[in-house]
Protein chains: 2
Amino acid sequence: MKTETITAAWRGHPDCRTCGVRHLALFSDLNESDFRTFHLPIEDLAFPKGASLFSQGEPGRAVFTVRAGVVKMVHQRADGAQRIVRLHRTGAAVGLEATLGASYQHDAVALQPVLACKIPVETLNRLAMETPRLHRQLMRQWHETVIQADAWLTALAVGTARQRVAQLFLYLLDTAPGPVCHFFRRDEVAAILGITTETASRTVAELKREDVIFHVSARWFRCDRDRLQKIVEN
Amino acid sequence: MKTETITAAWRGHPDCRTCGVRHLALFSDLNESDFRTFHLPIEDLAFPKGASLFSQGEPGRAVFTVRAGVVKMVHQRADGAQRIVRLHRTGAAVGLEATLGASYQHDAVALQPVLACKIPVETLNRLAMETPRLHRQLMRQWHETVIQADAWLTALAVGTARQRVAQLFLYLLDTAPGPVCHFFRRDEVAAILGITTETASRTVAELKREDVIFHVSARWFRCDRDRLQKIVEN
DNA sequence: CGTGTACTTGAATTACATCAAATGATGTGG
DNA sequence: CCACATCATTTGATGTAATTCAAGTACACG
């Protein structure tokens, strides 16, 4: 039994000014003079699949900006069960509670290889003192988080297992360029939708048999959006 | 058939400096000089039970601070069904998305008679330009909202109907001083827990028969915390 | 090429939804 | 203040969907 912790690779200190996803992220509104004010260490990190950015209960010392990949936010329950409460994708800020001096509320785990910038709270708070432009972006990220939380509840936590699975596919397709999307392990599907692994498996298998989804490769499916839409509509 | 809209009573322009719940609310960190900068209209309003502070989709022009009572946030689904996604109590800020120029994401409805201050976004944004102290409180409110959203999902959207109802009682007892708490209409219980009205009714009736809860008066119950706790633990 | 993990499937059981109807509260106008 | 209307709650009977327990199969990875 190997309980080796998966670690992130350090990729240096990034130049935020030339960041490809800056327009999506926390620093999008900052200008030249804003950037000159911080030489505090921002780290560019690469997390392999399964690595954790931080863990539930840990004191929050940094906010992470996702530059590539998907991060799942996992809530650990007292009884050992776990529920995935959100996904954060490119441009999202993860661990915002750190700016308020709070502990992290969830485990943040890389679902795919993730590139993320780690911004210490001191950097963020100092910067926030000096520029209101950052505040607006922070609020925008909070807003995004709330919208996601609500969508999760209203779209993925109601209806039959079949409808929920269809909704999950549509949710994932939403940010995909084509009809192909990454999908989850069946136990992750269960943790997202609040159903059992068996029901998740049965439902996905059923959709495969009906040719609503097509298994392209490990964890990737090509999907029929229209038919998925019809399923969620009952 | 009367479709008369329930309206709020206007109670004047409040003096925030002497507000009884200021320590809980958005303006808790503001000082004398901050207060001098705004003479913009903040309204003190009284909403009767069932009145709506704002509606889903409406352009967000104000943030509301709840000074008394409880506000339910209702998500209207395309199929006409509705789901209660959050409750906001004394000290909470409702409609924060307005500060970002967004439309309201839910209906905000007074569950009990509600006292609330209506703060126009212009006031808030102007004030936010001038004082970073307000920012911290705005972020705190966002954080609260996210914590609630997550709690709703992890506590109230999993398990059997019996467990969910028990969790709902515990959730309501959490902010109650004694063992007595306000409870919901059965159709509201259904909208919160994602079950049917009949199942909600059956479950509540069952708990009454088992003396876990005791019907004190219309919509108020005395509860046995320990036994509720045992129910959620299975 | 084997081994463990992920996925699938089956059968029995339970929980919930659904349809339908009766009873209990609450409030309003005569 | 009563009678009636309306809303809220409870309960029953029945069907369906999901869980549970238990095997089995496919698949990726070293």
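From a predicted model like this one, the values you see are computed outputs, not experimental measurements. Just so we're on the same page: letters track the sequence lines, and every chain starts at 1.
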- Task: For the residue pair F64(A) and F47(A), categorise the inter-ring angle as parallel (less than 30°), tilted (30 to 60°) or perpendicular (more than 60°).
- Result: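 Geometry flag for F47(A) against F64(A): perpendicular rings.
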- Please determine which of T203(A), T199(A), V165(A) meets the side chain to side chain contact (heavy atoms under 4.5 Å, CB included) test together with L193(A). V165(A)
In whole angstrom, what separates [X]'s [atom1] from [N]'s [atom2]?
X       : N       : atom1 : atom2 : answer
W220(A) : dC7(C)  : CH2   : P     : 15 Å
F183(B) : dA8(D)  : CZ    : C1'   : 14 Å
F184(A) : dC7(C)  : CZ    : C1'   : 17 Å
E206(A) : dG10(C) : CD    : P     : 12 Å

- Task: Return the set of residues passing salt bridge (Lys or Arg N to Asp or Glu O under 4.0 Å) with R86(A) (not counting sequence neighbours), or none when no residue passes.
- Result: D150(B)
- Indicate whether OP1 or OP2 belonging to dC7(C) is found under 4.0 Å from a side-chain N or O atom of K208(A). no
List every contact pair, protein side and nucleotides 2-6 of chain C side both N or O, where the distance is under 3.5 Å.
none

- Message: By the salt bridge (Lys or Arg N to Asp or Glu O under 4.0 Å) test, which pairs, at least two apart or in different chains, include something from residues 224-234 of chain B?
- Response: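 Pairs touching residues 224-234 of chain B that pass the test: none.
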- Overall bend of the helix from dC1(C)-dG30(D) to dG30(C)-dC1(D) (five pairs an end, 10° steps) is 50°
- Task: Check R164(A) against L156(A) and note the closest heavy-atom contact, atom names and distance.
- Result: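 Shortest heavy-atom contact: CD-O, 3.3 Å.
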- How far apart are the closest heavy atoms of A190(A) and A200(A), and which atoms are they?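 A190(A) and A200(A) have their closest heavy atoms at N-CB, 4.3 Å.
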- Query: So does K208(A) have more than 12 non-hydrogen atoms from other groups sitting under 6.0 Å from NZ?
  - Reply: yes
- Would you mind building the protein contact string for nucleotides 14-25 of chain D? One character per nucleotide, 5' to 3', B for base within reach (heavy atoms under 4.0 Å), S for sugar-phosphate only, - for untouched. ----SBBB----
- Task: For Y171(B), enumerate each residue passing the ring pair (Phe, Tyr, Trp, His ring centres under 6.0 Å) test, keeping only those at least two apart in sequence or located in another chain.
- Result: W152(B)
- Could you check whether R209(A) gets within reach of a base, just the sugar-phosphate, or nothing at all, counting any heavy atom under 4.0 Å? sugar-phosphate
- Hey, is the main chain of T90(B) close enough, under 3.5 Å, to the side chain of R67(B) for a donor-acceptor pair? no
- Pair E210(B) + R162(B): basic N to acidic O under 4.0 Å: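 Counted as a salt bridge, because a side-chain N and a carboxylate O are separated by less than 4.0 Å.
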- Query: Side chains of H215(B) and F221(B): closer than 4.5 Å at any heavy-atom pair?
  - Reply: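 Yes. Closest side-chain heavy atoms under 4.5 Å.
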